[in-house]
Amino acid sequence: MTVDEIVEVIEGVVVTKTDADSLEIEYAMASDLMSDVLTLDTENAALITGLSNIQTIRTVEMQDIQCIILARGKRATAEMIKLAEQDNITIIESPYAMYRISGVLYQAGIKPHY
Amino acid sequence: MEFEYKVEGGDFTNAGSASSSVKKTLKKLNVDPKITRKIVVALYEAEVNIVAHAYRGDILVKISPEQINITLTDEGPGIENIEQAMVEGYSTASAKVREMGFGAGMGLANIKKNTDQMNIQSEVGKGTVLSFTNFLS
């Protein structure tokens, strides 16, 4: 799915200025635990999370994850947006809860890891 | 080539900046992205460990065409029982560390998983030295 398609189904807003147009998301995982995200072996994935802090960005940077979906109205700070843009990471904010985002994206064809 | 970084205990704002810098260097050197990811995930886990548990630390990164060797030396409380610390799920992390999304007791096991060689030595009340090597081909 493209970022535009994802945004549409989760009523999301893209808050970063990156090369999001070329991004194609195939997999997703939902977690607030960065330790868990760091154990994944993944490509073309999005992270759905309720954890909005600078280490969320660092974690996905190390894992080559290019898209973060912040659930349930969590906002990215200016510091997070700046760091994400430097690393070409797209942040989407959504009012939906993690469970709903996961369900909607699963239904739309985004694959799980396990 | 060699690089050195300083890490401050408790400084969660900058935790990961050394790992980020090493990642950019490996990209410039055209290291296989899969190998790079393993290296920087291991380094990031180790860097967060210093921020989470120690007072301060140094990271020394040595890169040759064949391999990368990283040594993290910290001044801190040390690890009483390394075998226990390696067990997934065992953690002594504070509430603050858990709030940042860490402290699940998975770090050392994940470092081992992502590296080709790993060595850890610790002295209670003094600090910990963690070193690991990844082959670049």
Side-chain angles (χ1 to χ4, degrees), chain A residues 18-19 23-24 26-27 29-72 74-89 91 98 113-114, chain B residues 7 10-27 31-53 70 85 87-91 93 96-115:
Chain A
T18 56
D19 304 336
L23 206 54
E24 188 70 37
E26 203 181 339
Y27 293 92
M29 85 168 301
S31 182
D32 287 348
L33 186 62
M34 295 303 108
S35 304
D36 215 6
V37 178
L38 285 168
T39 62
L40 274 189
D41 190 6
T42 184
E43 265 171 25
N44 306 329
L47 170 67
I48 305 160
T49 186
L51 189 81
S52 177
N53 67 40
I54 205 82
Q55 295 311 321
T56 313
I57 313 291
R58 287 294 188 203
T59 298
V60 303
E61 178 196 352
M62 301 312 150
Q63 275 288 34
D64 289 333
I65 293 172
Q66 285 176 290
C67 182
I68 297 172
I69 301 168
L70 293 178
R72 209 156 173 252
K74 296 279 187 329
R75 306 293 300 271
T77 62
E79 197 184 15
M80 285 169 67
I81 292 171
K82 190 175 159 200
L83 191 61
E85 286 175 347
Q86 275 171 22
D87 295 313
N88 203 27
I89 294 162
I91 303 177
M98 270 165 76
H113 284 94
Y114 302 104
Chain B
V7 183
D11 183 7
F12 274 101
T13 307
N14 290 308
S17 54
S19 307
S20 179
S21 164
V22 169
K23 184 174 185 184
K24 288 179 177 87
T25 302
L26 294 176
K27 197 176 176 185
V31 173
D32 179 338
K34 285 198 167 127
I35 295 175
T36 296
R37 186 164 75 189
K38 280 170 171 273
I39 294 164
V40 297
V41 164
L43 177 56
Y44 179 55
E45 293 268 22
E47 194 180 347
V48 168
N49 274 349
I50 294 180
V51 174
H53 298 285
I70 301 181
V87 174
E88 277 196 36
Y90 179 81
S91 177
K96 170 81 186 155
V97 174
R98 290 172 199 267
E99 263 172 38
M100 298 302 288
F102 299 99
M106 297 159 77
L108 285 179
N110 201 29
I111 294 170
K112 196 172 171 60
K113 192 186 100 183
N114 281 291
T115 55

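First the proteins, then the strands, lettered A, B, ... as listed; each starts at 1.
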Out of curiosity, [X] [atom1] to [Y] [atom2], how far, rounded to the nearest 0.5 Å?
X       : Y        : atom1 : atom2 : result
A:Asp36 : B:Asn110 : CG    : CG    : 9.5 Å
B:Glu99 : A:Asn53  : CD    : CG    : 9.0 Å
A:Met62 : B:Arg37  : CE    : CZ    : 13.0 Å
A:Thr56 : B:Met100 : OG1   : CE    : 7.5 Å

Do the side chain of A:Gln55 and the main chain of B:Gly101 share a donor and acceptor less than 3.5 angstrom apart?
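Judged by distance alone, no pair lies under 3.5 Å.
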
Quick one: what part of A:Ile54 sits under 4.5 Å from any heavy atom of chain B, side chain, backbone, both or neither?
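Just its side chain gets close to chain B.
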
Is chain B contacted by the side chain of A:Thr49, its backbone, both, or neither, given a heavy-atom distance below 4.5 Å?
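For A:Thr49, no heavy atom lies under 4.5 Å from chain B.
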
In terms of heavy-atom pairs under 4.5 Å, which option from B:Pro33, B:Ala109, B:Ser17 contacts chain A the most?
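If we count pairs closer than 4.5 Å to chain A, B:Ser17 comes out on top.
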
Do B:Lys23 and A:Asp64 come close enough that some side-chain heavy atom pair is under 4.5 Å?
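They are in contact (side-chain heavy atoms under 4.5 Å apart), so the answer is yes.
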
With a 4.5 Å heavy-atom cut-off, do A:Leu38 and B:Phe102 have their side chains touching?
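Heavy-atom side-chain distance check passes, below 4.5 Å.
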
Check the pair A:Met34 / B:Glu45 against side chain to side chain contact (heavy atoms under 4.5 Å, CB included), numbers first and verdict last.
CA-CA 10 Å; A:Met34 295 303 108; B:Glu45 293 268 22; over 6 Å; no

Would you please say whether a donor-acceptor pair under 3.5 Å links the side chains of A:Gln63 and B:Tyr44?
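No pair is found: no donor N or O on one side chain lies under 3.5 Å from an acceptor on the other.
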
Go through the steps for B:Ser19 and A:Arg58 under the test side chain to side chain donor-acceptor pair (under 3.5 Å), then give the verdict.
CA-CA 9 Å; B:Ser19 307; A:Arg58 287 294 188 203; over 6 Å; no

Any idea which of A:Ile57, A:Asp32, A:Thr39 has the most non-hydrogen atom pairs under 4.5 angstrom with chain B?
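If we count pairs closer than 4.5 Å to chain B, A:Thr39 comes out on top.
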
In plain terms, say whether A:Asp87 and B:Lys24 are close enough for a salt bridge, that is, a side-chain N and a carboxylate O under 4.0 Å apart.
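So A:Asp87 pairs with B:Lys24 through a salt bridge.
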
Check this for me, if you would: do A:Asp41 and B:Lys113 make a salt bridge, where the nitrogen-to-carboxylate-oxygen distance has to be below 4.0 angstrom?
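B:Lys113 and A:Asp41: not salt-bridged.
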
Please name the pair of heavy atoms, one in A:Ser35 and one in B:Gly103, separated by the smallest distance, quoted to 0.1 Å.
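Taking A:Ser35 first and B:Gly103 second, the nearest heavy atoms are OG-N, 3.9 Å.
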
